[in-house]
Amino acid sequence: MKDHVRRGQRARNAGLWTEAHAAYKAAFAAADPANSTERERAELAGQLGLCELALHKYRDAAEHLARSLEQREALPVALQRRFEQGQREAAKHVARLVLGVDPPDAEVFIDGQRIGRTARIYTLFFEPGKHMVRGRAPGREDALHSFLAVAGAEHEITMQLPRAAVSPVREDAPASPTEAPKAVRLSSEASSTTKARPPSPWASWPGALRVAGIAVTTGTVLGGGVLMVRARRLDEDLSERRDGLTRGSPSSSTMCWQAAQDSPCADLLHLRDARNLSAGVGTALVIAGGVIGAVTAASFFTDFSFLGLAPTQDRIHVAPVATGRETGVRIEGLW
């Protein structure tokens, strides 16, 4: 990577922009987090963008300069100003598109070329003219959007890919030779009007665990309550028998708890042990049921997609938006 950078610097100082572009492009391709720092990658993207600007490759220049300025904190002030000036010059010749895609893991194609990354919000640059944006994801209908890019203008598009309808035709049934191909959704506005229904909270294995959690919570709390009621009745019975046994002998109450098992106080000892056991087990069951119930309730607000066993759930996303006319945030979600 460093050899390419030195070759690019020599070519740039000599005014050989084609050779400088080739060298910086090779260095940018060779840079990765394992062998370069954030500052080096940001500087390489900016230098590559300046070379493309000199060669009138305005779209590529705007893209690489924007990527460099995303890590502007890692760049020296002098380089920040150079790259910002280059970005302003490139922006005069290209259109800027802020593209929102739902779901965020959908594949995005621009004029038939796939973008090599996935994101919720894309910032893309286009040469003036008509362009086509396409979104595709498993289990979703395709979304298409065409727009006319104007040099120096900014466009905003939000595409939602609705869930594909389940076909009643069997998978092994032969397709009719005269059947027309399934049409994809063509969006004529900035956003699709069809919203996908959120998945049921009982779907897949998290739903089975929720049902089990509710059942276990109900059973443990009910069982604990029964044992605690039994302990209370045993305590009342114990008090009555103790009062009858110790009536007229104030000191025999303490002596009874210290008596042997074969003494007349043995029944009182058995009642006491049964009362303590019922109260302890009942309290433990109620506490355990409360904990299981809390975990079950929390699972309704938890997205298990990070385990890789279920598709990503629709969530609320907040993204900053800054244009030449307004500054604010975009809040997207599905209820």
Can you tell me how far [atom2] of [Y] sits from [atom1] of [X], rounded to the nearest 0.5 angstrom?
X	Y	atom1	atom2	result
Arg136	Arg134	CZ	CZ	5.0 Å
Ile121	Glu156	CD1	CD	9.0 Å
Ile115	Glu107	CD1	CD	11.0 Å
His145	Ile157	NE2	CD1	3.5 Å
Leu277	Arg272	CG	CZ	12.5 Å
Glu19	Cys51	CD	SG	10.5 Å

[X] side chain to [Y] main-chain N or O, any donor-acceptor pair under 3.5 Å?
X	Y	answer
Glu40	Thr37	yes
His131	Glu127	yes
Asn35	Asp32	yes

Side-chain contact, heavy-atom cut-off 4.5 Å: [X] with [Y]?
X	Y	answer
Arg230	Arg233	no
Leu99	Val133	yes
Glu52	His21	yes
Leu65	Leu50	yes
Leu79	Glu43	yes
Gln9	Arg12	yes
Gln47	Arg82	yes
Pro162	Arg140	no

| request: Assess whether atom CZ of Arg232 is packed by more than 12 heavy atoms of other residues, nucleotides or ligands within 6.0 Å. | output: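 Not more than 12 within 6.0 Å, no.
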
Notebook entry, point to check: Run the side-chain contact (heavy atoms from CB on, under 4.5 Å) check on Arg120 and Asp102 step by step: do they pass?
Noted result: CA-CA 7 Å; Arg120 168 71 66 173; Asp102 183 25; 3.2 Å; yes

Notebook entry, point to check: Honestly curious: do Leu124 and Val94 fall in one hydrophobic cluster under the side-chain, below-4.5 Å linking rule?
Noted result: no

May I ask whether Leu97 and Met159 are part of the same hydrophobic cluster, defined by side-chain heavy atoms of I, L, V, M, F, W, Y residues being less than 4.5 angstrom apart, directly or through others?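 Cluster IDs for Leu97 and Met159 match.
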
As a test of understanding, state which of Glu154, Arg96, Glu70, Glu63 forms a side-chain contact (heavy atoms from CB on, under 4.5 Å) with Thr123.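 Only one option passes, and that is Arg96.
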
Looking only at heavy atoms, which two atoms of [X] and [Y] are closest? And how far apart?
X	Y	value
Ser36	Arg41	O-NH1, 2.9 Å
Ala61	Gly49	CB-O, 3.3 Å
Ala42	Leu75	CB-CD2, 3.8 Å
Leu234	Ser278	CD1-OG, 4.1 Å
Val5	Tyr24	O-OH, 4.3 Å

(request) With side-chain contact (heavy atoms from CB on, under 4.5 Å) as the test, would you mind laying out the steps for Leu161 and Asp142 before giving the verdict? (result) CA-CA 6 Å; Leu161 281 66; Asp142 288 4; 5.5 Å; no

Practice problem: In sequence, state the C-alpha distance, the side-chain angles, and the governing distance for Val98 and Tyr122, and then conclude on side-chain contact (heavy atoms from CB on, under 4.5 Å). | Solution: CA-CA 6 Å; Val98 178; Tyr122 296 87; over 6 Å; no

Got a list of side-chain donor-acceptor pairs under 3.5 Å for residues 85-92, not counting sequence neighbours?
unit_1 : atom_1 : unit_2 : atom_2 : d
Glu89  : OE1    : Lys92  : NZ     : 3.4

### Quiz item: cation-pi between Arg59 and Phe125, 6.0 Å / 45°
no

Return the orientation label for the Phe147 and Phe126 ring planes: parallel under 30°, perpendicular over 60°, tilted otherwise. perpendicular

Salt bridge (charged side-chain N to carboxylate O under 4.0 Å, His left out) evaluation trace for Glu84 with Arg72: CA-CA 10 Å; Glu84 288 172 352; Arg72 65 176 68 242; 2.4 Å; yes

Which atom pairs, donor and acceptor, lie under 3.5 Å between side-chain atoms of residues 280-296 and protein residues at least two apart or in another chain?
unit_1 : atom_1 : unit_2 : atom_2 : d
Thr283 : OG1    : Ala279 : O      : 2.8
Thr296 : OG1    : Ile292 : O      : 2.8

*Carefully, step by step, assess Met132 and Ile110 under the rule side-chain contact (heavy atoms from CB on, under 4.5 Å).*
CA-CA 6 Å; Met132 178 70 70; Ile110 305 296; over 6 Å; no

Applying side chain to side chain contact (heavy atoms under 4.5 Å, CB included) to Ala45 and not counting sequence neighbours gives Phe28, Ser68

Donor on one side chain, acceptor on other, Arg39 and Gln71, under 3.5 Å
no

Handout entry: No-hydrogen, no-angle side-chain donor-acceptor test under 3.5 Å, His64 and Arg67
Key =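 Short answer, no.
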
Determine, for Asp235 against Arg275, whether the closest basic-nitrogen to carboxylate-oxygen distance falls under 4.0 angstrom. yes

